[in-house]
Asks: 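What follows is a structure written as structure tokens; I'll ask about it next.
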Amino acid sequence: MCGITGWLAFNRDLNQDRAVLDAMTDTMWCRGPDDGGGWVREHIALGHRRLAIIDLAGGVQPMTLDTPEGEIALTYSGEVYNFAVLREELRALGHEFGTTSDTEVVLRGYLEWGADFAEKLHGMYAFAIWDGRVDKLVLIRDRLGIKPLYFYPTEDGVLFGSEPRAILAHPDAEAVLNLVGLREMFGACKTPGHGVWTGMHEVRPGGLVEFDRDGQRDRIYWRLTPREHTADLATTIAEIHDLISEITRDQLVADVPRCVLLSGGLDSSSLTAVAARELAGQGERARSFTVDFTGLTENFQPEAMRGTPDAPYAQAVAEHVNAEHQAIVLSPDAMLDPETRSSVVAARGFPIGIADVDVSLYLLFKAIKERSTVALSGEGADEVFAGYPWFHVPSIREAEIFPWMVPLVEMLEEAEVDEVLNDDLSAALDMETYIQDQYQVAVAEVDRLDGESDEEHATRVLKYLHLTRFLPLLLDRKDRISMATGLEVRVPFCDHRLVEYVYNVPWEMMTFDGREKSLLRAATGPLLPASVAERVKSPYPATQDPRYAAELQRMAKEFLAADNHPVFSIMNRKWMEETVALDPVGMPEVVRENLDRAIDVATWLDIYRPRLDLS
């Protein structure tokens with residue numbers, strides 16, 4: 001896991017601009033605290049920051065190969081889990097290896113098969129290859145978009161990086177947000193290929209982009225495709241169990257300490273149990289971590305979406321599978337530390353997450369990094385196995401809107417929350433139209449299987465929306481925040497083989513017992529305590545300490561007391577005045593989250609100083 005960046009310019013000699021490359025690379029120091037490097041030729045410059053995971057001594061980058069026709073260079077982020085198999089295949093074709101790293105496998109794979117070799121890769125990755133034989137830059141991203149990769153076309157080439165801030169460190173890139181970018185930022189869905197900043201784009205998940213003197217060419221090498229599912233229920237459950245086991249085994253490969261993120265829910269508990277079984281076979285004991293908040297377990301108050309605290313369930317799983325377990329307990333003071341919040345917002349790049357969740361994730365990952373370098377996470381299981389409540393509510397499924405937005409709208413209405421964006425911006429954004437347009441675009445992408453019923457196709461659309469518009473938001477957040485602490489987080493449930501398989505399982509079979517995540521529970525439930533296997537879904541925990549809400553109100557009062565504070569170029573002053581007047585005890589969670597976001601907006605404006613183009 002690393003950070004990559006670079007610059008292609010056909011009309012200038014980049015040997016004179018090494019300082020610019022270094023500045024771009026330095027923005028990603030946290031993504032790769034172990035090593036850094038740069039590689040420059042006349043028209044191409046590649047930068048790299050390394051988090052050493054496999055072949056700690058031999059995987060230094062950028063990595064190059066000399067050929068009779070020209071030099072090939074690679075800057076690479078992520079992990080290819082089937083690299084050992086591919087290395088043997090390449091050896092059989094005559095390739096000789098100087099390292100044991102997956103980096104060299106990727107480089108030689110391109111040399112042997114060209115850009116099509118991406119279809120052979122299992123893993124999470126984003127990389128850039130300069131092919132000096134034909135003066136071409138190739139950017140490639142993994143199928144689900146687990147690892148980020150942005151690019152910014154210029155008059156004579158392109159800038160690229162793992163994060164926008166690497167690109168924005170270049171003097172030719174401006175930090176500008178127009179209305180389209182602001183809509184994307186506040187839209188609660190992630191449009192494939194959209195880079196938010198004006199002029200910036202993402203390499204699409206499962207996509208590649210090539211640049212040469214003739215311009216830019218885009219291609220998709222993988223997408224969700226409907227296929228007929230012919231296996232019976234027992235065979236399907238067994239296949240899912242085997243896939244999860246194989247994928248987890250692959251993702252436990254590392255030359256550094258590993259652990260599992262354990263919340264006590266079905267997803268993370270299943271992953272922990274499988275990992276513990278695999279490690280026990282190697283004579284090792286699994287290590288697990290969970291997050292908790294001061295006094296939360298003892299004073300827990302059930303909420304609409306969160307009926308039970310996590311800590312007791314996580315402990316029960318750890319004892320059941322004999323994992324070495326530790327709870328990371330966070331205090332309100334730690335959550336509200338200004339330096340921590342600034343670090344989180346800078347890493348995330350935009351104030352569009354769930355602020356308290358993002359801060360607690362950062363603190364959790366920071367604590368884990370002191371004990372481990374690789375962590376396995378259950379992210380993606382809800383999207384793959386239909387775990388969210390709204391998957392199973394017909395009225396939401398038929399609402400012709402992104403389904404995860406319906407509960408949010410309902411909570412805002414119940415809490416009688418006014419418009420949180422300022423009136424002028426809200427009118428200019430017209431978010432309702434934008435979201436509806438994006439929904440229609442997404443639905444139109446879904447291929448239909450021959451003979452598929454209307455009902456079955458409707459559930460396929462639901463799965464597709466979550467995997468292509470909602471999951472990318474979560475993956476982006478997890479990548480940015482984990483890499484800000486130098487921790488590599490792997491997501492086994494997002495392996496494309498599992499995703500493809502479950503995507504094509506009929507809805508009746510996916511919900512064969514009338515519950516959410518029926519297939520996952522059947523495949524892994526026997527490995528778990530009964531209390532955990534039967535536990536109702538509970539989202540990531542949030543602090544319930546009223547001191548946290550009170551401190552947010554104090555910070556907001558400072559904005560209100562200042563003359564023309566820049567936060568009100570985006571946020572609604574009247575809404576903030578009403579919110580700071582509320583009693584922090586019992587403040588609705590959705591209200592506190594919006595206040596949290598407002599603080600993040602102010603922090604983001606101070607860090608990035610964007611120019612807002614509302615024309």
Side-chain angles (χ1 to χ4, degrees), residues 1 30-31 51 124 146-148 162-163 188 190 259-265 267-268 271-272 287-294 296 305-306 309-311 314 326-383 470-494 538-545 548 552 589 592-593 596-597 599-600 603-604:
M1 197 73 71
C30 289
R31 294 185 73 93
L51 179 64
M124 54 179 189
I146 302 168
K147 301 313 297 175
S162 293
E163 297 183 12
K190 191 169 177 58
C259 66
V260 184
L261 305 178
L262 174 59
S263 71
D267 309 342
S268 66
L271 190 59
T272 300
R287 303 166 72 229
S288 58
F289 294 91
T290 191
V291 67
D292 199 2
F293 300 92
T294 305
L296 178 64
M305 294 281 289
R306 195 177 289 109
D310 282 346
Q326 182 173 354
I328 305 298
V329 182
L330 306 178
S331 69
D333 290 342
M335 294 277 291
L336 290 160
D337 176 64
E339 185 175 338
T340 297
R341 182 176 290 267
S342 181
S343 296
V344 172
V345 173
R348 203 172 56 206
F350 303 104
I352 55 174
I354 304 175
D356 62 321
V357 169
D358 295 346
V359 170
S360 65
L361 268 178
Y362 176 84
L363 292 170
L364 171 65
F365 292 159
K366 193 173 182 180
I368 292 174
K369 173 60 178 176
E370 296 176 0
R371 304 159 175 85
S372 186
T373 306
V374 170
L376 271 60
S377 166
E379 198 80 85
D382 282 314
E383 291 73 23
F470 189 60
L471 178 60
L473 285 173
L474 306 181
L475 293 175
D476 187 69
R477 177 182 71 185
K478 186 145 284 184
D479 171 84
R480 300 286 192 92
I481 297 175
S482 62
M483 293 309 296
T485 68
L487 178 71
E488 174 172 302
V489 174
R490 298 176 176 179
V491 282
F493 290 119
C494 296
S538 182
Y540 183 90
T543 179
Q544 295 184 335
D545 195 319
Y548 183 78
L552 293 178
E589 183 177 353
R592 191 195 68 220
E593 286 180 358
D596 228 334
R597 287 191 183 96
I599 308 301
D600 273 2
T603 306
W604 172 73

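Counting begins at 1 with the first residue of the sequence. Computation of the quantities below employed the complete heavy-atom set of this structure, encompassing side-chain atoms and omitting hydrogens, waters and symmetry-equivalent molecules.
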Asks: Kindly give the heavy-atom pair with the smallest separation between A311 and D292, and that separation in Å.
Replies: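 The answer is CB-OD2, 3.7 Å.
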Asks: Of all the heavy-atom pairs spanning F493 and G380, show the shortest one and how long it is.
Replies: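 That would be CB-C, 4.2 Å.
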Asks: Looking at every non-hydrogen atom in both residues, tell me the closest pair between A314 and L262 and how far apart they are.
Replies: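 For A314 versus L262, the nearest heavy atoms are O-CD2, 3.4 Å.
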Asks: Between atom CD of E379 and atom OG of S268, what is the distance when rounded to the nearest 0.5 Å?
Replies: 11.0 Å
Asks: Are side-chain heavy atoms of P351 and T603 found at a separation under 4.5 Å?
Replies: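 They are not in side-chain contact.
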Asks: Return the OG1 to CG distance between T340 and D333, rounded to the nearest 0.5 Å.
Replies: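 Those atoms lie 11.0 Å apart.
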Asks: Do the side chain of T485 and the main chain of S482 share a donor and acceptor less than 3.5 angstrom apart?
Replies: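 Side chain of T485 to backbone of S482: a pair is present.
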Asks: Atom OG in S360, atom CD1 in I328: separation rounded to 0.5 Å?
Replies: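 Reported to 0.5 Å precision, the distance equals 12.0 Å.
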Asks: Closest approach of C494 and L475, non-hydrogen atoms and distance?
Replies: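 Between these two residues, the closest heavy atoms are SG-CD2, 3.9 Å.
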Asks: Output the distance between atom CZ (F293) and atom CG (D356), rounded to the nearest 0.5 Å.
Replies: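 So the gap between those two atoms works out to 7.0 Å.
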Asks: Are any of the side-chain heavy atoms of I599 and L552 separated by less than 4.5 Å?
Replies: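 Result yes, sub-4.5 Å side-chain heavy-atom pair found.
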Asks: Once you round to the nearest 0.5 Å, how far does CG of D479 lie from CZ of R31?
Replies: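 Going from the CG atom of D479 to the CZ atom of R31 covers 4.0 Å.
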Asks: State, to 0.1 Å, how close Y548 and M335 come at their nearest heavy-atom pair, and which atoms those are.
Replies: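 Where Y548 meets M335 most closely, the heavy atoms are CE1-CB, 3.7 Å.
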Asks: Got a donor-acceptor contact below 3.5 angstrom from the R287 side chain to the R371 backbone?
Replies: yes
Asks: Pick one: which of R480, R341, R477, K478 meets side-chain contact (heavy atoms from CB on, under 4.5 Å) with D358?
Replies: R477
Asks: Rounded at 0.5 Å granularity, tell me how far CD1 in I368 sits from CG in L261.
Replies: 5.0 Å
Asks: Looking at every non-hydrogen atom in both residues, tell me the closest pair between G378 and D267 and how far apart they are.
Replies: O-CB, 4.0 Å
